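All figures in this text were calculated on a predicted structure; none of them were measured in a lab. Just so you know, these numbers use all the heavy atoms, side chains as well, and skip hydrogens, waters and symmetry mates.
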Amino acid sequence: MFTLTSAAAQQIQRAAQDSGAQNMALRVAARLDSGGSIDYGMGFDDAGEQDMRLEIEDVAVVISEHHRELLEDTLLDFVELEPGHFNFIFVNQLQDAQDAPRGCAPQGSDNGGCGGGGCGSKGASH
């Protein structure tokens, strides 16, 4: 099941308030890239009829059925990647331990956004 930490939830709630998206859910998505890595994305959106709806740490989360399998056993966290630089990271708990998570911010937040490219599970932060 997809989960998020309380630190991530607090930052998502701040981003929603700052961008006027308090009444929207956080949509989370994932896709496999050509190299087999998982790219992640997130942004504020309205829930669709076929979406899986979760309430985690007082954050409404929606996931399309097309992304559910890739998001299974994934944790969203908000961490300090380097001194003074905080970002969201997706941690797929089934991936090899050597894969470094990659950071991202919800669209509409002032920490940047994932836009069309999404966020990945490996490499440097967005």
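Rounded to the nearest 0.5 angstrom, L4 CG and M42 CE are separated by 9.5 Å. Residue M52 holds its CE atom at 13.0 Å from CD of Q50, rounded to the nearest 0.5 Å. To the nearest 0.5 angstrom, T5 atom OG1 is 10.5 Å from I56 atom CD1. Note: F86 CZ to I89 CD1 = 12.5 Å, rounded to the nearest 0.5 Å. Taking CD of Q13 as the reference point, atom CG of D18 lies at 12.0 Å (rounded to 0.5 Å). In this structure, OG1 in T3 is found 10.0 Å from CG in L54, a value given to the nearest 0.5 Å.
When all heavy atoms of L70 and N92 are compared, the closest pair comes out as O-ND2, 3.7 Å. In this structure, A8 and F88 approach most closely via the heavy-atom pair O-CE2, 3.7 Å.
In this pair, F90 and F2 present their aromatic rings tilted. The plane angle is within the 30 to 60° band.
Two residues are said to be in side-chain contact when any heavy atoms from C-beta on lie closer than 4.5 Å; V91 and T74 fail this criterion. Between R31 and I38 there is no side-chain heavy-atom pair separated by less than 4.5 Å. Side-chain contact between L26 and L76 is present, with at least one heavy-atom pair separated by less than 4.5 Å.
Note on residues 40-55: pairs passing salt bridge (charged side-chain N to carboxylate O under 4.0 Å, His left out), not counting sequence neighbours, are R27-D45, R27-D51.
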Next item on the list: Report the C-alpha separation of R14 and Q17 in whole Å, then their side-chain angles, then the decisive distance to 0.1 Å, and conclude whether the side-chain hydrogen bond (donor to acceptor under 3.5 Å, both in side chains) test is met.
Entry: CA-CA 5 Å; R14 253 184 250 129; Q17 184 174 10; over 6 Å; no
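Using a 4.5 Å cut-off between side-chain heavy atoms of Ile, Leu, Val, Met, Phe, Trp and Tyr, with links allowed through other members, I12 and V62 fall into different hydrophobic clusters.
Remark: the backbone N or O of A15 is not paired with any side-chain donor or acceptor of Q11 at under 3.5 angstrom. D77 contributes no side-chain N or O that, together with a main-chain N or O of V79, makes up a donor-acceptor pair within less than 3.5 Å. The backbone N or O of D33 lies less than 3.5 Å from no partner atom in the side chain of S37, so there is not a single donor-acceptor pair. Under a 3.5 Å cut-off, the side chain of E72 and the backbone N or O of M1 do form a donor-acceptor pair.
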